[in-house]
Number of protein chains: 2
Amino acid sequence: MTTSPGDASSGLAPGASAGRSRRATILDVAAAAGVSRQTVTRAMNAMPGIRPDTRERVQETARQLGYTPSRFAKGLVQGARTSVGLAIPDLTNPYYPAFASSVVELATQRGWHVVMDDYGHGGATGVESVQHLAPQVDAVIGYLGGAADEAQAILGRRPLVVLDQPAGPASGGISFDYDHAAQTALRHLQAKGCRQLAYIDRAPAGADQRAPGPVRANRPTPGTDTAQSVPTVRGQAFVRSAAAFDMAMTVAVSPESAASARQVTRRLLEEHPGTDGIVVFNDLMAAGALKALADSGRAVPADCAVIGMDGIPLGQLLTPELTTLALDLREVGRAAVELLDGLLSGSLEAGGPGTDLLLRHHLVLRQSA
Amino acid sequence: MTTSPGDASSGLAPGASAGRSRRATILDVAAAAGVSRQTVTRAMNAMPGIRPDTRERVQETARQLGYTPSRFAKGLVQGARTSVGLAIPDLTNPYYPAFASSVVELATQRGWHVVMDDYGHGGATGVESVQHLAPQVDAVIGYLGGAADEAQAILGRRPLVVLDQPAGPASGGISFDYDHAAQTALRHLQAKGCRQLAYIDRAPAGADQRAPGPVRANRPTPGTDTAQSVPTVRGQAFVRSAAAFDMAMTVAVSPESAASARQVTRRLLEEHPGTDGIVVFNDLMAAGALKALADSGRAVPADCAVIGMDGIPLGQLLTPELTTLALDLREVGRAAVELLDGLLSGSLEAGGPGTDLLLRHHLVLRQSA
DNA sequence: GACACGTTCGTGAACGTTCACGTCAAGCAT
DNA sequence: ATGCTTGACGTGAACGTTCACGAACGTGTC
């Protein structure tokens with residue numbers, strides 16, 4: 001004990017500036033300020049029924065003790081402030097932050113907190129993300145990539161809004177009308193005179209990331225099941241549409257990155273030099289495809305048109321500027337939050353009407369097609 | 001009431017599937033399963049000392065009642081799982097998600113939760129963001145844009161790590177060596193033969209977003225105070241360096257978006273047609289500058305070189321690919337999390353040595369300069 | 001048959017805060 | 001003096017969970 005009795009600047013209770021001991025509680029503050037718990041509460045929460053000088057004295061004491069009210073004790077007695085989990089596969093893909101930004105904004109407006117998880121770093125799955133989020137949140141919004149049933153099981157009665165898939169066993173779902181998107185894109189390409197199409201799909205999560213997928217010519221013949229070589233529902237919609245439009249379409253598969261898409265597109269162009277129209281899984285990969293076309297000396301859209309998918313701002317910065325099947329991402333975020341809001345407030349019933357939305361892309365014409 | 005007495009699949013206590021009443025507590029489960037609180041705890045948390053069949057019966061009961069343990073009660077008795085707030089000005093700028101992604105990854109590895117706030121939507125400030133986060137978190141990491149003192153005051157003893165500014169009154173700070181960055185860039189441009197430089201700075205937050213800032217020729221003459229027309233420390237470093245290298249440099253100011261930067265650059269090029277080297281506040285705005293140069297029919301880098309700042313992946317997708325003063329964003333995130341980790345564990349003392357880091361950009365040479 | 005022992009389960013206490021009261025004194029009218 | 005109001009402050013109870021015990025019940029051992 002080196003504390004001398006005449007110590008200046010600390011006429012407080014013992015242990016006032018104590019180092020690494022225990023967190024200060026409301027009782028410590030009350031004792032140090034010579035008042036009761038309730039008065040401390042009144043001082044800290046700007047409640048009436050306390051004399052201004054008392055309030056200030058208590059606040060000063062709290063400051064000196066480094067007192068911070070326990071959010072757990074507060075939450076326990078007051079009933080939860082709602083906090084929602086946001087499960088995102090990859091913040092590095094500009095699509096997701098654009099969506100997340102909207103969710104965070106609208107959630108904040110409602111006084112919610114957003115606990116974010118960017119899973120997929122260590123190769124985690126959406127379900128693992130929900131598992132990590134679950135103990136901390138009252139609801140989850142997320143791109144889970146399937147497995148909504150397991151996620152809902154983990155959450156119990158707490159609402160779950162899944163994106164890019166129908167609700168299924170989840171509380172709510174927002175999915176996208178890929179058939180409509182595909183038809184819109186192919187109609188446009190057909191009108192432009194494109195005849196030899198290609199679609200670059202995203203490789204499934206489990207696929208080997210090192211070896212870009214095979215380039216397969218899938219001349220769509222009715223009755224042929226192409227599901228195996230076309231990993232995503234998005235891709236399958238394009239295959240269906242190509243058949244309906246009677247257009248030839250090659251499908252290539254690439255991991256979800258611009259660099260991989262560039263490489264895959266290069267191979268595609270070598271094996272199918274006559275390709276005059278390419279649709280790509282998303283805008284990020286489309287950027288890679290544009291690079292590959294430039295590498296091969298082709299002019300876009302004169303030699304080959306390109307259509308991306310997402311509508312992220314990135315597209316406007318590319319050269320040529322990217323024509324894309326755009327989603328209004330702020331709108332998607334708004335839909336998700338409003339759906340969740342309805343679920344939480346009880347004005348919407350899980351699995352009931354209005355919990356399974358279908359959103360449409362619209363074609364934004366820029367230079368590349 | 002349409003519930004018939006012979007209803008199957010629900011032999012539980014009354015109110016089992018009750019609609020919107022009260023949240024089920026551990027006591028409800030205990031009563032319904034015919035056991036005690038503690039046994040329910042043991043069943044839910046996979047603790048030993050419970051018979052497998054009991055465990056399963058309890059779990060099933062909990063599932064049916066939709067029981068979810070209160071995170072508040074749990075936290076109160078167990079001591080907090082740490083959750084950190086992440087205050088970000090704008091998730092729409094690709095710089096921030098790249099950083100956030102790294103923070104979320106490393107925080108998750110440590111078992112922390114990340115509460116994200118994307119302030120700046122409604123024109124909120126960093127301090128307001130901290131205010132919103134404070135009741136929910138044990139620490140904050142953030143790009144606050146100054147005002148670290150107020151933020152720290154709100155947080156009390158809880159650690160605060162600020163980015164892009166020295167720690168000051170905050171617990172820890174990570175800042176960037178802009179003088180070094182500026183010297184690196186200008187040295188390169190000088191070697192390339194550039195003689196008429198321009199720097200495009202970001203307009204301060206309070207500035208009118210509609211009217212892009214003035215284009216001012218700041219031929220650096222020693223003794224002239226240019227601080228007023230150069231809003232950021234980043235910009236001031238470039239002005240200083242230009243003076244040191246004895247290079248002419250015009251400073252223009254633009255709101256932080258590619259579209260605005262494009263517009264400002266266009267005006268800059270009209271007023272200063274001889275410009276042969278441009279450095280831009282960040283990569284996003286540099287993308288706009290590249291567009292403006294293309295608009296004016298100039299070749300990059302032949303007619304005019306461009307150097308961005310940040311090192312976000314976007315730069316590689318542009319045409320021409322963007323030379324940039326890159327920050328290793330995963331490294332920045334790692335530094336922030338490790339700093340916070342030290343602060344939280346007590347191995348680092350707030351304001352002590354090692355809490356104020358200075359990171360350096362390195363020049364990534366691509367096509368644009 | 002007494003004892004020790006392991007397994008399974010239940011009970012008091014505690015976590016830190018707020019809510020709903022209760023108390024006490026001062027001021028004022030009757 | 002009495003009663004009533006008002007302002008400032010204190011006290012019991014409750015929120016829902018886990019921790020540290022203790023009780024009850026077999027099961028084996030000597």
Side-chain angles (χ1 to χ4, degrees), chain A residues 13 15 21-59 61-62 65-83 134-138 156-158, chain B residues 13 15 21-59 61-62 65-83 134-138 156-158:
Chain A
S21 57
R22 196 177 93 276
R23 252 181 67 134
T25 84
I26 201 172
L27 290 174
D28 299 328
V29 178
V35 296
S36 73
R37 293 175 323 208
Q38 185 61 20
T39 299
V40 177
T41 295
R42 283 190 268 255
M44 300 302 291
N45 299 6
M47 301 169 87
I50 182 176
R51 238 170 32 209
D53 60 325
T54 310
R55 180 196 307 280
E56 215 151 319
R57 183 165 47 92
V58 171
Q59 285 178 343
T61 307
L65 290 176
Y67 166 66
T68 303
S70 153
R71 66 171 177 278
F72 297 111
K74 202 169 217 164
L76 185 56
V77 64
Q78 286 187 325
R81 308 203 54 42
T82 73
S83 79
Q136 192 73 359
V137 301
D138 306 305
R157 290 235 203 295
R158 291 172 289 177
Chain B
S21 58
R22 197 178 91 274
R23 252 181 67 134
T25 84
I26 201 173
L27 289 175
D28 299 329
V29 178
V35 295
S36 73
R37 292 176 323 209
Q38 185 62 20
T39 299
V40 177
T41 295
R42 283 191 268 255
M44 300 302 290
N45 299 4
M47 303 169 87
I50 182 177
R51 237 170 34 209
D53 60 325
T54 309
R55 179 195 307 280
E56 217 152 318
R57 184 164 48 90
V58 171
Q59 285 178 341
T61 307
L65 289 177
Y67 166 68
T68 304
S70 154
R71 66 171 178 279
F72 298 111
K74 202 169 218 164
L76 185 56
V77 63
Q78 285 187 326
R81 307 203 53 40
T82 74
S83 79
Q136 192 73 359
V137 301
D138 305 305
R157 290 235 204 293
R158 290 172 289 178

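Fair warning: this is a prediction, and the values are worked out from it, not measured in the lab. The chains referred to below are lettered A, B, ... by the order of the sequence lines, with proteins before strands, and numbering in each begins at 1.
- Rounded to an integer number of Å, the gap from A:Phe72 CZ to C:dT17 C1' is 13 Å.
- Once rounded to the nearest 0.5 Å, the distance linking OG of B:Ser83 with CZ of A:Arg71 reads 4.0 Å.
- Separating the CD1 atom of B:Ile26 from the P atom of D:dC19 is a distance of 11 Å, rounded to the nearest angstrom.
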*Evaluation steps, side chain to side chain contact (heavy atoms under 4.5 Å, CB included), between B:Ile26 and B:Met44*: CA-CA 10 Å; B:Ile26 201 173; B:Met44 300 302 290; over 6 Å; no
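- Only A:Arg37, A:Gln38, A:Thr41, A:Asn45, listed by number, bring a heavy atom of residues 35-45 of chain A to less than 4.0 angstrom from any atom of DNA chain C.
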*Test A:Arg42 against A:Thr54 for side chain to side chain contact (heavy atoms under 4.5 Å, CB included), laying out the working first.*
CA-CA 10 Å; A:Arg42 283 190 268 255; A:Thr54 310; over 6 Å; no
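- In terms of position on DNA chain D, the residue among A:Leu76 and A:Pro52 whose nearest nucleotide sits closer to the 5' end is A:Pro52.
- Of the possible donor and acceptor atoms, one in the side chain of B:Arg158 sits under 3.5 Å from a partner among the backbone N and O of B:Ala134.
- Rounded to a whole Å, the CG atom of A:Leu65 is 14 Å from the P atom of C:dG16.
- To the nearest angstrom, C1' of D:dT17 lies 11 Å from CE of B:Met47.
- For D:dC15, neither phosphate oxygen OP1 nor OP2 lies less than 4.0 angstrom from any side-chain nitrogen or oxygen of B:Thr25.
- The phosphate of C:dC15 (OP1 or OP2) has no side-chain N or O of A:Ser70 nearer than 4.0 angstrom.
- Nearest-nucleotide positions on DNA chain C for B:Gly34 and B:Val77 put B:Gly34 closer to the 5' end.
- Using a 4.5 Å heavy-atom cutoff, the side chains of B:Thr68 and A:Arg157 are not in contact.
- Comparing A:Asp53 and B:Lys74, the nucleotide of DNA chain D nearest to each residue sits closer to the 5' end for A:Asp53.
- Of the listed nucleotides (C:dC9, C:dC19, D:dT17), C:dC19 has the atom at the smallest distance from the side chain of A:Gln78.
- Between A:Leu27 atom CG and C:dA14 atom P the separation is 13 Å, expressed in whole Å.
- B:Arg51 places its CZ atom 13 Å from the C1' atom of D:dA24, with the value rounded to the nearest Å.
- In this structure, B:Lys74 and B:Asn45 have side chains that are in contact, with non-hydrogen atoms separated by less than 4.5 Å.
- Note on A:Ile50: only backbone sugar-phosphate atoms sit closer than 4.0 angstrom, heavy atoms only; bases stay farther off.
- To the nearest angstrom, C1' of C:dT17 lies 16 Å from CZ of B:Arg71.
- For A:Arg23 and C:dT17, the CZ to C1' distance is 11 Å, given to the nearest whole Å.
- Remark: B:Arg81 does not engage B:Asp138 in a salt bridge, criterion side-chain N to carboxylate O under 4.0 Å.
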